[in-house]
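First up is the structure itself, then whatever we jot down about it.
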Amino acid sequence: MIKAVRGTRDLLPPETALWNFVESAVRDVFRAYNFQEIRTPIFEETALFSRSVGEETDIVGKEMYTWQDRGRAESDRGQSLTLRPENTAGVVRAYIEHKLWDRGLNKLYYIGPQFRRERPQKGRYRQFYQIGAEVLGPPSAGSESPARDAELLEMLATLLDRLGITGWNLELNSVGCPNDRAKFNEALRKALEPVVGKMCADCQRRALSNPLRVFDCKVPEDQPIIENLPRISRFLDEPCRAHFEAVQAILRTVGVPFTLNDRLVRGLDYYTRTAFEFTHGALGAQNAILGGGRYDGLSEALGGPAAPGIGFAIGEDRLVLSLQESASAEAVVRRPDVYVAPLGARMNPDAARLARELRRHDLVVELGDETFRLKKSFEAATKAGAKYILIVGENEVKADAFALKNLETGEQISIVRSELAGKIQAGR
RNA sequence: GUGGGAAUAGCUCAACUGGCAGAGCACCGGACUGUGGCUCCGACGGUUGCGGGUUCGAUUCCCGUUUCCCACCCCA
């Protein structure tokens, strides 16, 4: 038997209703902030990701689905292509390619699948779904303003509240500009040198490859050492510090709670200044449901104009998971309003016409099987969760008055065709 | 990529030291031929993930493999 490949899965009803619930809430909320949707290809030139995400990151180094495309002629070597491991690079590429700044498009969101060749776990798949948004534009358009950061964070808080997710925590940090990072990295290396020998094996490796990641260490014995390491906050230059302060001031005023976490670092190379994560306790080790930050130099790194920006990505798989575990997932499934039960094949035309009329009144209609005996139709209607059953038999068609029974109350009436839709809508 | 656990009916799970593969729920039918939910009865349902080995005999023990889960790595 052929099965879905490792790390991929089918999303089945009724779970798909929950995904739709999430996505329509996202579209509603983002629209209120005047974001517009962008859809970029799910594969791109490999160079796009290695330049933006960073050659040294795990994503580029070992987690990408990359292949050599065929050229035009049999003998040609094609380009190296890669399934997108994240969507910010694609959005920025499109921004540059279509000169979106000239069209005033500076607030974009996306919803779609991404691909990373990781070891699968719960809430972590090789084809996974991200919801993200990006604010970017020329500096003259205010894209560097802390107001953009704060607005984006406030939008996310609104979204999580709207989804009924309680107990989220916003963790906030600033990773400064490249200059600050360089100075900080140097200080960090110096501080680590005398103590690294006492740390865990992972930290010893990190200290060499990517010292920032030492802050992710969860080994208890290492914590006192980590506590004493220099923090990025002390290395922010004046503009970065002021920017960070301003973001916080706005959040306090609009009433979005947050906690400062100067150990929060971002894995991708393109991040600058504001870095953030929303975490949720119920998710265990995979406790981050979304993360993001500012990437002021990304456009230029990809050969575009200066276009400071900030964005985030929500792990939709995990978001849905936390929704399933906390909220009432059942509630979002729309069940049939009415089950139309034709009694015998000769009733099919009349049943079909009635179903069509009812559906035109925005009712959810399940058209039953004409081979069912009435008892079985009732069972089928109940199982489908229909509110009403409408019986279409010879007597009803002759009289043009139909038996309509409320399956929840047991009340049954005879009702003429013209009043059917109104009656069912009223009882919905 | 590393380490550990698991895999038995559609779902949730049993099956002693190796001895006839089972239950509940679901599904289908009947009791009840134009009135559901409850109840009762019956039927259906299996390459025990896959491949090999040991054995008279393997769901059980061994090896390999695949997938999932957990912890790493890393990240959303």
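It should be emphasised that the depicted structure is a prediction, and the values quoted were computed from it without experimental measurement. A, B, ... follow the sequence lines: proteins, then strands. Residue 1 opens every chain.
Residue contacts for A:Gln114: at a heavy-atom cut-off of 4.0 Å it reaches no nucleic acid atom on any strand shown. Note on A:Asn395: a base of the nucleic acid sits closer than 4.0 angstrom, heavy atoms only. In this structure, A:Gly7 reaches the sugar-phosphate backbone alone: every heavy-atom distance under 4.0 Å involves primed, P, OP1 or OP2 atoms, never a base. Using a 4.0 Å heavy-atom distance criterion, A:Phe128 is classed as a base contact. When heavy atoms are screened at a 4.0 angstrom cut-off, A:Ile391 is found touching base atoms of the nucleic acid. Counting non-hydrogen atoms under 4.0 angstrom, A:Arg117 reaches the backbone sugars and phosphates but no base.
When rounded to the nearest whole Å, the span between CG of A:Leu390 and P of B:U35 equals 17 Å. Protein atom CG of A:Asn87 is 16 Å distant from nucleotide atom C1' of B:C75, rounded to whole Å. Atom CG in A:Leu290 sits about 10 Å away from atom P in B:A76, given to the nearest Å. Rounded to whole Å, the distance from CD on A:Glu171 to C1' on B:A76 is 14 Å. Atom CD in A:Glu63 sits about 11 Å away from atom P in B:G1, given to the nearest Å.
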Checklist entry - Given the rule that a pair is Watson-Crick or G-U wobble with both distances under 3.5 Å, how would you write RNA chain B in dot-bracket, using | for pairs to a different strand? => result (((((((..((((.....[..))))..((((.......))))......(((((..]....))))))))))))....

Item to check | nucleotides 24-33 of chain B: protein proximity per nucleotide (B base, S sugar-phosphate only, - neither; heavy atom, under 4.0 Å) | outcome: ---SSSS-B-

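Between A:Arg119 and B:G1 there is no side-chain polar atom (N or O) within less than 4.0 angstrom of OP1 or OP2.
For A:Tyr109, the ring pair (Phe, Tyr, Trp, His ring centres under 6.0 Å) partners at least two apart in sequence or on another chain are A:Phe30.
Screening residues 389-406 of chain A for salt bridge (charged side-chain N to carboxylate O under 4.0 Å, His left out), with sequence neighbours left out, gives A:Arg346-A:Glu394, A:Asp400-A:Arg417.
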If you look only at distance, which donor and acceptor atoms sit under 3.5 Å apart when one is on a side chain in residues 34-46 of chain A and the other is two or more places apart or in another chain?
from, atom 1, to, atom 2, distance (Å)
A:Glu37, OE1, A:Arg27, NH1, 2.9
A:Glu37, OE2, A:Arg39, NE, 3.0
A:Thr40, OG1, A:Arg84, NH1, 3.4
A:Thr40, OG1, A:Asn87, OD1, 2.9
A:Glu44, OE1, A:Arg93, NH1, 2.9
A:Glu44, OE2, A:Arg93, NH1, 2.5
A:Glu45, OE2, A:Gln79, NE2, 3.3
A:Thr46, OG1, A:Ser80, O, 3.0
A:Thr46, OG1, A:Ser80, OG, 2.7
A:Thr46, OG1, A:Leu81, N, 3.3
A:Thr46, OG1, A:Leu81, O, 3.4
A:Thr46, OG1, A:Thr82, OG1, 2.7

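A side-chain donor from one of A:Tyr33 and A:Thr158 sits under 3.5 Å from a side-chain acceptor of the other.
Distances were taken from every side-chain heavy atom of A:Gln121 (C-beta onward) to each of B:A76, B:C73, B:G36; the shortest belongs to B:C73. Side-chain proximity of A:Gln130 to the nucleotides B:A76, B:G36, B:G34 is greatest for B:A76. For A:Arg124, the listed nucleotide lying nearest its side chain is B:C73; candidates were B:G36, B:C69, B:C73.
Within residues 409-422 of chain A, the residues that have a heavy atom under 4.0 Å from RNA chain B are, in order of number, A:Gly410, A:Gln412.
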